[in-house]
Amino acid sequence: MPKESIDLKAPLEKVLLVILDIREKQKQWDIKNVQKEMEELVIACAGVIVDSMVVKVSKPTASYLITESKVNEIVNLLTIKNVDTVIFSHDLKGSQQRNLEEKLHVKTIDRTQLILDIFVRHATTQEGKMQVELAQLQYLLPRLVGKGIELSQLGGGIGTLGPGETKLEVDRRRIDQRITRLTRNLDEVVSHRALTRKKRKEKGVPTVSLVGYTNAGKSTLLNILTDAGQKTKDGLFTTLDSLSRQMLLPNHQKVIISDTVGFMHDLPHHLIEAFRATLEEVKEADLLLHVLDVSDPNFRDLHEAVQTVLKELDSLDRPTITVLNKLDKLDKNTKWAEFENLFENSVCISAMNKVNIDKLLAKISEMVGGFFVEINADIPINRMDLVNLAHDEGQVYSVKYYNEKINIRASVPSHIAGKFQ
Ligand code: GDP
Ligand code: MG
């Protein structure tokens, strides 16, 4: 059990957001999106934003990232506002963070720490917790200066929830050892999963992975499709661990469908690394359902952000259905069908109101259709095992028993069809 438990009744932490508009970055993600995403991230870790400011950075400085005069502006703001934590929308070097804290006299954290904090709050399984701890230690390691650091200082509020099992005083070497151990354990998880996937593949059950920007409605859709009972919550990252369920398509074809961790804009590369066990599912999926909240005016950017992560995972070429969700939130006059023209293989749905789910299911059946073939075969009377196989692996339409033979009509995975000839 983690040492620190999260007190849900604790007063909300008062946050000042510093949104950095960094000119140098070639591909500019609209600064409004950055702001919105940061706000949602803060809310997801039980913070309340008392103020936010946008700071244009034309040339990042070594000492504070922003100019000293901007730092002084923040100092002035802090004297009038009651703020517990200052959060930067851009990653800070260890030295910049320390310099800022010295000037500001309040806890100062960056975007990665904020994301890690959310991960800590929401990791539930052993695997999820290991992934989070690993990511935290990897983040912490290059920031350790001098001989040692007292991790016991961790443990209060946003960005400082410590890795579960970390002892009070941990030096660099012990952190290294812990990282090695966690990496090894996670490798085992990965290979275990690879084995499970291989077994599934041998059984010919296609796998479907839900991907999409966080809060798009993936878990809601999974629930509807499988009654998985996965918790849905309006907030970022309420699901951290991958969850796989079996479901039956209307044509009775079996598929495995998995929910994945939320994707976000510019997910730091090392976080993708840390969550590779979960994301591995995506790489191997036969079909991706890219869930997109079309009621968000920035939906094109959200789509792009997810595509970027998929590219990072070498998964852009996977067969994909773009699921345009939250149809119910669109203005009545919106010609939503036109959205479907924007993306290849797309279906407009409302997961919440269960609108067009049948259409989506038909599309899924169509896209994974190649896996199954129809058979109408006469098999020896002593081959009940084949009848059982057809029941286990496919859909049986009819079984007729004669004196000498059994006639079976079914739809079965193509790789076992030969057994019935
Ligand atoms: P995830 O992060 O992609 O797994 O998103 P969730 O499934 O947790 O959904 C995030 C929020 O969006 C929840 O509050 C859902 O109730 C809501 N939501 C999901 N689908 C719909 C929909 O079709 N319409 C509306 N209005 N809200 C939805
Ligand atoms: Mg979810």
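Counting convention: from 1, in listed order, for ligands and their atoms alike.
Evaluated by nearest non-hydrogen atom to atom 12 (O) of ligand 1, the leading choice among Lys218, Lys326, Lys329 is Lys326. Comparing Ala351, Ser219, Gly212 by heavy-atom distance to atom 4 (O) of ligand 1, the nearest is Ser219. Between atom 20 (N) of ligand 1 and the options Ile224, Asn325, Leu222, the minimum heavy-atom separation is to Asn325.
Asp301 and Lys32 are not joined by a salt bridge, as no carboxylate oxygen comes within less than 4.0 angstrom of a charged side-chain nitrogen. One finds a salt bridge joining Glu73 and Lys70 here, because a Lys/Arg side-chain nitrogen approaches an Asp/Glu carboxylate oxygen to under 4.0 Å.
Using 4.0 Å as the threshold, Ala216 has a heavy atom nearer than that to some atom of ligand 1. Note on ligand 1: Asn215 sits in its first shell, one or more heavy atoms being nearer than 4.0 Å.
Considering backbone and side-chain N/O atoms, Ile349 never comes within less than 3.5 Å of an N/O atom of ligand 1. The shortest N or O to N or O distance between Leu221 and ligand 1 is not under 3.5 Å. Taking distance alone, with nitrogen or oxygen atoms compared against 3.5 Å, Leu327 stays at or beyond that limit from ligand 1.
Tyr139 and Asp110 form a side-chain donor-acceptor contact under 3.5 Å, judged by distance and modelled atom types alone.
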Self-check item: Asp259/Ser219 under side-chain hydrogen bond (donor to acceptor under 3.5 Å, both in side chains): CA gap, chis, key distance, verdict
Solution: CA-CA 7 Å; Asp259 195 2; Ser219 302; 2.8 Å; yes
Quiz item: How far apart are the C-alpha atoms of Glu133 and Arg181, what are their side-chain angles, what is the distance that settles it, and do they pass the salt bridge (charged side-chain N to carboxylate O under 4.0 Å, His left out) test?
Solution: CA-CA 11 Å; Glu133 186 181 351; Arg181 220 179 96 206; over 6 Å; no
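Proximity to Ser350 (heavy-atom distance under 4.0 Å) selects the following atoms of ligand 1: 22 (C), 23 (O).
Side-chain N or O atoms of Asp117 include none that pairs as donor or acceptor with a backbone N or O of Gln113 at under 3.5 Å.
Taking the six-membered ring where the residue is Trp, Phe343 and His303 present tilted rings, their angle falling between 30° and 60°.
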